[in-house]
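Values below: every heavy atom of this structure, side chains too, minus hydrogens, waters and symmetry copies. Just so we're on the same page: letters track the sequence lines, and every chain starts at 1.
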Amino acid sequence: MPEIDENRPLPLREVEQLVELVRESGVGEIRVRQGETEISVKARPEVPATPFGNQVASGTQVVPEGVESEPSPEMDGLHAVRSPVVGTFYRAPAPGEDAYVEVGDTVSAGQPLCIVEAMKLMNEIVADVSGEVVEVLAENAGGVEYDQPLFYLRPDEQ
Amino acid sequence: MPEIDENRPLPLREVEQLVELVRESGVGEIRVRQGETEISVKARPEVPATPFGNQVASGTQVVPEGVESEPSPEMDGLHAVRSPVVGTFYRAPAPGEDAYVEVGDTVSAGQPLCIVEAMKLMNEIVADVSGEVVEVLAENAGGVEYDQPLFYLRPDEQ
Amino acid sequence: MIGKVLVANRGEIALRIIRACRELGVRSVAVYSTADRDSLHHELADESVCIGPPPAASSYLNVPAIISAAELTGADAVHPGYGFLAENARFAEICERVGLRFVGPASGTIARMGDKAEARGAAAEAGVPVTPGSEGSCESVDEVKRVGAEVGYPLVIKASAGGGGKGMRVVETEAEIDAAYLGASREAGANFGDGSVYVEKYLERLRHVEVQVLADSYGETVTFPERDCSVQRRYQKLIEESPAPDLPEDVREGLMAASAELVGSLDYEGAGTVEFVYADGEFYFIEMNTRLQVEHPVTEMISGVDIVAEQLKVVSGERLVVPKDALSPDGHAIEFRINAEDPLRNFLPQAGLVEVYNPPGGPGVRVDSHLYAGYRVPPYYDSLLAKLIVHARDREASIRRGLRALDEFAVSGMETTLPLHLAVLEDEEFRRGGVTTRFLADRELESEGGLLRLTRT
Amino acid sequence: MIGKVLVANRGEIALRIIRACRELGVRSVAVYSTADRDSLHHELADESVCIGPPPAASSYLNVPAIISAAELTGADAVHPGYGFLAENARFAEICERVGLRFVGPASGTIARMGDKAEARGAAAEAGVPVTPGSEGSCESVDEVKRVGAEVGYPLVIKASAGGGGKGMRVVETEAEIDAAYLGASREAGANFGDGSVYVEKYLERLRHVEVQVLADSYGETVTFPERDCSVQRRYQKLIEESPAPDLPEDVREGLMAASAELVGSLDYEGAGTVEFVYADGEFYFIEMNTRLQVEHPVTEMISGVDIVAEQLKVVSGERLVVPKDALSPDGHAIEFRINAEDPLRNFLPQAGLVEVYNPPGGPGVRVDSHLYAGYRVPPYYDSLLAKLIVHARDREASIRRGLRALDEFAVSGMETTLPLHLAVLEDEEFRRGGVTTRFLADRELESEGGLLRLTRT
């Protein structure tokens with residue numbers, strides 16, 4: 001094996017050129033190898049993700065109470081606490097009482113964050129990590145669906 | 001392992017030429033390897049080029065008389081003489097006479113190669129370049145469609 | 001039964017004919033231009049022949065190439081579809097001469113009904129009401145003025161060989177006649193190679209109604225319940241339905257009887273359509289199309305009769321067998337022409353790659369289309385991408401089914417008339433039924449939150 | 001009319017219900033599992049709620065989640081489709097309790113007809129012929145032997161709570177009863193949580209025929225012309241048609257009358273199907289499905305009645321309005337279930353990316369499917385990808401239309417039962433009509449030049 005300069009920068013210019021070529025030409029894939037350098041650029045498979053309906057305004061996808069179904073994914077190291085059931089989201093144990101948590105609070109794993117009521121059953125949702133409450137994503141007394149993010153927590157550094 | 005000039009730029013010109021060739025020829029993939037250089041260009045997986053029918057055998061695509069509709073593209077510098085009309089292909093001016101040309105003959109531009117008869121009209125097809133007759137692609141007295149290659153010529157060096 | 005049919009067309013109608021052939025066990029031959037190498041008609045036919053380069057004049061209108069293809073493949077018959085060579089009497093005559101059965105009436109009938117002035121004469125002779133106007137064509141400005149004095153203004157001057165609004169002028173007063181006559185005659189000459197014109201009283205608020213007919217070679221003729229094709233843009237039909245909404249029963253019977261009379265007088269064979277205008281309780285013959293029409297599925301849906309299959313049976317010399325109950329409408333059907341046109345940019349034709357194609361399904365929905373995801377719409381031919389036909393118990397239910405199906409119809413990669421159709425179905429006057437051919441001209445298209453909406457101007 | 005319907009299902013049937021809602025102006029709510037985020041039912045409904053992770057037990061069978069979703073979205077009614085919760089009496093009861101209208105009969109009726117032994121009793125009481133066998137369930141081996149002595153062998157032991165061939169044993173002689181009784185009872189217990197079984201005479205060469213019924217809350221019941229669903233594989237229907245080929249008129253009338261009698265005796269509401277076996281000129285009740293069936297479109301095609309729309313009207317308290325002529329078959333219809341299964345590898349279920357999807361179009365073709373190009377078939381649910389239904393003037397024409405449409409049907413990315421259907425349509429015995437439920441079991445599938453072919457074994 002020859003010695004390779006691991007510190008050599010990636011050939012990004014060439015990659016860009018190949019990307020351009022793939023896009024402009026309409027071909028499906030280009031691979032180039034020269035010595036230790038290998039670049040492969042593939043066109044995106046044409047298949048449409050969710051191409052349907054909604055030429056008529058009535059066909060909008062509504063999650064109950066207009067809560068967003070797919071918020072931006074966990075990033076910046078935030079952790080989402082998601083609803084394990086379909087139901088109504090309550091921030092406090094009972095009407096008139098204080099919310100379990102507020103933005104800025106520090107919570108520990110296992111601490112209750114809210115209730116999701118489903119068929120008269122009160123499901124206490126607990127924090128699955130310790131950390132700071134960064135955002136409350138659902139509306140009090142609003143509907144939430146399965147897997148819907150309810151809170152963003154910033155986990156404690158381990 | 002030979003020594004490699006890691007600084008040699010990627011062969012983008014050649015890539016471009018191959019891309020062009022893939023697009024024009026309609027082939028699915030071209031791979032070229034030479035020493036340490038390897039280039040592969042794939043056509044975009046046609047959201048199906050021709051995805052249809054033919055679950056039943058009857059749906060075969062038949063060009064009259066079973067002549068191939070899309071023979072391999074011009075390559076190796078060969079030049080295809082194509083039929084400008086739909087009709088019946090005759091290699092000779094009249095039954096019993098000699099064929100206009102045979103494989104191996106040298107023809108000059110403008111020289112008759114065959115007749116394609118359509119609606120009792122005899123269309124003389126002439127060579128559009130000078131060169132050697134390399135292959136006769138259609139069958140005598142068989143049907144040919146528009147644009148069907150009839151002969152491969154190897155053009156004279158200019 | 002004939003054994004092999006050459007389909008001298010492309011697009012959805014070629015597919016329609018190939019499907020009918022398959023179901024009858026008749027072999028089909030597709031012809032295609034080099035622009036249509038990836039087309040479904042080429043794929044689904046039993047055999048296919050490339051007949052020329054993209055321009056229609058060199059391929060789908062290329063008579064020698066098509067006749068040669070028929071001879072090479074041993075076809076017994078040629079089905080011309082609509083458009084291209086479908087009403088070309090010379091082509092029909094050549095087919096007759098070379099022993100190919102032409103799916104349609106005799107070339108003489110095509111020629112006779114192709115001359116609009118002569119067709120008016122034939123209708124009048126058969127006792128069918130024609131719009132007041134000239135008898136045959138008008139040879140001079142004076143003749144036009146004489147007709148004007150007789151039937152009153154406004155008048156419309158039309159090309160005898162015409163169609164599609166070409167060589168046509170509306171005149172409001174006698175003073176306008178000189179210029180209009182000259183203009184119409186010149187335009188007719190330029191478009192059809194025949195400058196002769198005729199004159200009719202111009203009816204402003206009218207509906208376009210028409211009667212599908214089928215006739216066999218034994219003199220049997222059937223006439224189907226009328227279609228209403230009043231939703232048009234520049235003389236191009238966009239939506240067709242059957243039966244015509246809100247049409248008095250005696251008018252319906254009158255239309256069917258008049259059509260039977262005319263067709264009976266012609267020694268007709270095959271499918272055809274007798275077109276009328278209807279205004280103020282009266283109907284008048286305007287022309288006859290001696291071929292299959294784009295909107296034939298509307299009639300198929302309410303009658304259960306496969307019109308293309310019947311055409312093939314008739315050309316094979318079989319007798320028509322149409323059950324009596326097929327001749328009174330079963331429910332209501334509406335057809336929407338989905339064109340590759342941008343409704344917001346003056347219906348600019350679109351071409352290019354169809355990225356997504358997912359037609360609607362479910363009950364009462366029929367789609368006739370040559371599209372598939374990955375197909376490239378070539379820029380050379382007409383803009384019809386698909387026909388959506390819905391069928392339900394009554395007009396109200398058909399409209400709701402139409403809305404549902406249009407909404408589901410997924411086509412991406414180019415603009416289409418899908419949103420226009422949704423807008424028409426939301427229009428109150430259309431929903432009431434019985435709109436005139438001015439329906440679209442009287443409205444403006446507005447874009448509102450991604451949807452289109454029609455507003456009366 | 002109800003205002004909003006929650007559709008407690010997925011796939012093509014969810015789409016079917018959503019389409020009916022749209023056409024009636026009723027809002028629809030889809031529920032979906034996380035495996036169905038890209039599904040069409042989720043896309044096309046007016047609203048949608050994610051109800052759980054992929055396994056059906058946690059999503060489409062998750063009663064609390066579905067009831068919560070209905071409450072959150074303010075739905076008035078729940079349509080269960082078929083499968084999942086469609087015949088779950090407890091679910092229907094919960095709906096009743098929380099004030100949601102369940103699209104189907106009362107929970108008590110579901111429970112009663114869900115017990116196959118009890119259903120036999122109800123049929124016998126209504127004067128409907130049942131297969132000779134036990135009255136109610138058999139509590140012991142001795143009871144089975146007593147029935148055997150009475151009606152003769154072979155016998156079949158079936159699970160009272162059963163379906164789909166589970167908990168079922170055929171016994172040829174008395175000696176086999178002990179083992180079979182134990183096995184059936186254990187299997188029934190394991191599959192349905194209820195080990196009780198009943199016994200019937202085993203009919204070997206039989207056809208499966210069934211009658212679609214619709215009943216409103218005012219006591220009006222209509223019965224439609226019978227469907228024949230004899231082409232089955234391991235008790236799973238593959239092809240259904242209506243009317244049943246070659247069935248004597250008096251048998252047809254008997255089936256419809258018996259079904260009306262049974263349904264009349266039940267205080268029934270909504271859609272249901274009474275299933276019979278037919279052998280040697282006699283028919284016997286086997287069970288009643290108290291729900292919409294997969295094959296309902298076959299009846300829709302020959303009657304023009306939108307059964308799902310009628311279900312929604314009935315649950316809204318409207319009266320059934322079915323025209324008399326809908327009750328005699330208009331032409332012939334056949335349904336093909338296109339499953340994601342590999343016919344050449346023992347019908348191994350397939351999952352994954354649908355690369356190409358282009359359903360057939362043209363006259364007399366209906367497709368009910370949730371597929372689109374780019375859709376991923378999840379591995380968690382049943383394998384039905386699409387239903388192709390063809391309709392034509394008679395059975396012969398339907399078969400030819402079926403061949404044409406199956407041939408055009410383009411699905412790539414996985415193996416499907418499309419080629420199997422083509423093979424069945426080419427089978428001479430099937431073409432003659434009236435095959436028994438052993439049709440497929442008696443044949444071998446062979447691959448020949450890319451096509452499949454059935455050969456009698």
Taken to the nearest 0.5 Å, the spacing of A:Tyr146 OH from D:Ser58 OG works out to 7.5 Å

Output the distance between atom CZ (A:Arg82) and atom SG (D:Cys50), rounded to the nearest 0.5 Å.
10.0 Å

Answer whether the closest heavy-atom distance between the side chains of D:Ile94 and A:Met119 falls below 4.5 Å.
yes

Heavy atoms from other residues, nucleotides or ligands near OH of D:Tyr380 exceed 12 (cutoff 6.0 Å):
no

Which one of D:Asn62, D:Ile67, D:Val49 satisfies the side chain to side chain contact (heavy atoms under 4.5 Å, CB included) criterion with A:Val86?
D:Val49

Does any backbone or side-chain atom of D:Ile66 lie under 4.5 Å from a heavy atom of chain A? Answer side chain, backbone, both or neither.
neither

Output for pair (D:Leu72 CG, A:Glu117 CD), nearest 0.5 Å, gives 9.0 Å

Contact winner vs chain A - D:Ser28, D:Ala65, D:Gly74, D:Ser68, heavy-atom pairs under 4.5 Å:
D:Ser68

Who among A:Gly87, A:Ala118, A:Ser83, A:Pro84 has the most heavy-atom pairs with chain D under 4.5 Å?
A:Gly87

Top residue by heavy-atom pair count (under 4.5 Å) with chain A, among D:Pro53, D:Ala69, D:Ala30?
D:Pro53

For chain A, the option from D:Ser33, D:Gly52, D:Pro64 that forms the most heavy-atom pairs under 4.5 Å:
D:Gly52

Contact listing (chain D partner; residues 92-102 of chain A; heavy atom under 4.5 Å)
none

